[in-house]
Number of protein chains: 2
Amino acid sequence: MGKRKENSTNSWNESYIVESCDLTYAVCKIGGRWKLLILCKLENGKLRFSELRNQINGITERMLTLQLRELEKEGLVKRTVYAEVPPRVDYELTAIAKELVPIWSQLSQWGAKHKNLLQQRT
Amino acid sequence: MGKRKENSTNSWNESYIVESCDLTYAVCKIGGRWKLLILCKLENGKLRFSELRNQINGITERMLTLQLRELEKEGLVKRTVYAEVPPRVDYELTAIAKELVPIWSQLSQWGAKHKNLLQQRT
DNA sequence: CCCATTACTTACAAATTTGTTAGTACCATA
DNA sequence: TATGGTACTAACAAATTTGTAAGTAATGGG
């Protein structure tokens, strides 16, 4: 009983997103608990799975895998598997993901500014 | 039995956020299912509660209230109550929220571009 | 007095997202 | 033959987020 939810925080109804603004679409791509953190770490080049795991405080292997899979599917991250044992896999930003870098640096500055403002009020 | 989760998608542990990057902090402020949609609608000036409700497809009054409250608390939206009956309340962007506008327009362009790329692959 | 209007609340239920724990495969090395 | 390192998966449980449905207050007009 009760209708199905038609959308959730980060994986809405594709049709809805596509109809609505590109901004919402964009934020979906990088939203969620871990995605931005992962993308940030890759900003300076390739990293292996284990390097990512160690650099991102608190992430579990499961979450890292899930998020990397989504990022890959959405074309933000490129995954390379080397035919070695023990396995070696690395991840890097795709061209379009790199285009986000200047944007998120602005956003980051905004964040810092906003944080200061809020602290002053307290 | 199982530790408490120390963070959730949009309302993590303040200390963790503050320690970690400003980018993550910023994305938290505008993350979640509805916040950006609300902020976008306010881009061109004040709107009443009911106007927001009508312009945002699918939002419920409960969610609109909750999100507006958070945005207000975080200094992104200013709420003005008029002493009238029936009640009249309007919402507008604060100065710091307006600084986001150029950023989200870039993000929006990125979103459009990314959407095209993905479609070409299919 | 009764109703309409607006901007909310409240209590509850469901869905989604995340976390926990325990595996798996592969081969090289001891 | 047993062990170790790497990059995962799978099953389950818990937390968080969102939705639903039903109120509430205040007052002007009929």
Side-chain angles (χ1 to χ4, degrees), chain A residues 1-14 16-17 24 27-28 30-38 46-73 77 79-91, chain B residues 1-14 16-17 24 27-28 30-38 46-73 77 79-91:
Chain A
M1 310 208 160
K3 296 170 195 160
R4 274 288 156 78
K5 280 188 197 180
E6 285 167 12
N7 16 52
S8 71
T9 305
N10 297 124
S11 57
W12 318 347
N13 234 315
E14 284 301 302
Y16 180 74
I17 298 171
T24 303
V27 173
C28 285
I30 58 174
R33 174 79 184 76
W34 300 111
K35 280 186 185 162
L36 261 177
L37 255 8
I38 296 171
K46 297 184 180 188
L47 287 178
R48 305 181 55 164
F49 184 85
S50 53
E51 292 171 320
L52 280 170
R53 169 166 42 73
N54 296 333
Q55 288 184 29
I56 299 175
N57 198 306
I59 199 168
T60 61
E61 299 197 329
R62 173 182 144 76
M63 276 298 120
L64 184 53
T65 306
L66 287 175
Q67 299 309 101
L68 284 170
R69 284 295 181 289
E70 275 191 50
L71 289 169
E72 194 192 356
K73 202 170 60 178
V77 150
R79 178 168 181 262
T80 310
V81 183
Y82 300 87
E84 298 176 5
V85 167
R88 185 156 69 94
V89 178
D90 61 31
Y91 295 91
Chain B
M1 6 181 104
K3 295 170 195 160
R4 274 289 154 78
K5 281 188 193 178
E6 286 167 12
N7 15 51
S8 72
T9 306
N10 298 126
S11 57
W12 317 346
N13 233 317
E14 283 302 301
Y16 179 74
I17 297 171
T24 302
V27 172
C28 286
I30 58 174
R33 174 80 184 76
W34 299 110
K35 281 186 184 161
L36 261 177
L37 254 9
I38 296 171
K46 296 183 178 185
L47 286 178
R48 303 181 56 168
F49 184 85
S50 53
E51 291 171 321
L52 280 169
R53 167 166 43 72
N54 297 332
Q55 288 185 29
I56 299 174
N57 199 305
I59 199 168
T60 62
E61 298 197 329
R62 175 182 139 78
M63 276 299 120
L64 184 52
T65 305
L66 287 175
Q67 299 311 99
L68 283 170
R69 284 295 180 294
E70 275 191 51
L71 290 169
E72 195 193 354
K73 201 170 60 177
V77 150
R79 179 170 180 259
T80 310
V81 183
Y82 299 87
E84 297 175 9
V85 167
R88 186 157 68 94
V89 178
D90 63 28
Y91 296 89

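Just so it is clear: chains get the letters A, B, ... in the order the sequence lines come, proteins before strands, and each one is counted from 1. All values below come from the heavy atoms of this structure, side chains included, with hydrogens, waters and symmetry mates left out. Given the structure is predicted, the values throughout are model-derived calculations rather than measurements.
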Practice problem: Indicate whether OP1 or OP2 belonging to D:dC8 is found under 4.0 Å from a side-chain N or O atom of A:Arg69. | Solution: yes

Exercise. Figure out the CH2/C1' separation between A:Trp34 and C:dT18, and round it to whole Å.
Key: 9 Å

Quiz item: Nearest 0.5 Å, what's the CZ-CZ distance between B:Arg88 and B:Arg48?
Solution: 6.0 Å

Practice problem: For A:Arg62 and for B:Val85, find the nucleotide of DNA chain D with the closest heavy atom, then tell me which residue's nucleotide is more 5'. | Solution: A:Arg62

Self-check item: Validation row: A:Leu66, A:Met63 side chains within 4.5 angstrom (heavy atoms)
Solution: yes

Exercise. Nearest whole angstrom, please: distance from the C1' of D:dT6 to the CG of A:Asn54.
Key: 12 Å

Self-check item: Between D:dT18 (P) and B:Ile56 (CD1): distance, integer Å
Solution: 13 Å

Quiz prompt | Rounded distance (Å) that lies between atom P of C:dA22 and atom CD of A:Glu61 | solution = 14 Å

Quiz prompt | Phosphate OP1/OP2 of C:dT18: any A:Thr60 side-chain N/O under 4.0 Å | solution = no

Self-check item: Separation of atom CD1 in A:Ile38 from atom P in D:dA7, rounded to whole Å
Solution: 14 Å

Exercise. May I ask you to verify if any side-chain N or O of B:Tyr91 is less than 4.0 angstrom from the OP1 or OP2 atom of C:dC8?
Key: yes

Quiz prompt | Side chain to side chain, B:Leu68 and B:Phe49, heavy atoms closer than 4.5 Å | solution = yes

Quiz prompt | Atom-pair distance (CE on B:Met63; C1' on C:dT9), nearest Å | solution = 13 Å

Quiz prompt | Any A:Arg33 side-chain N or O less than 4.0 Å from OP1/OP2 of C:dT17 | solution = no

Quiz item: CZ of A:Arg88 versus C1' of C:dC26: gap in Å, rounded?
Solution: 16 Å

Quiz item: In whole angstroms, how far is the P atom of D:dG5 from the CZ atom of A:Phe49?
Solution: 16 Å

Quiz item: Which heavy atom in A:Asp90 sits nearest to a heavy atom in A:Lys46, and how many Å separate them?
Solution: OD2-CD, 3.7 Å

Exercise. Drop me the distance from A:Gln55's CD to A:Leu64's CG, to the nearest 0.5 angstrom.
Key: 11.0 Å

Quiz item: Would one find a side-chain N or O of B:Ser50 under 4.0 angstrom from OP1 or OP2 of C:dA7?
Solution: yes

Quiz item: Would one find a side-chain N or O of A:Arg53 under 4.0 angstrom from OP1 or OP2 of D:dG5?
Solution: no

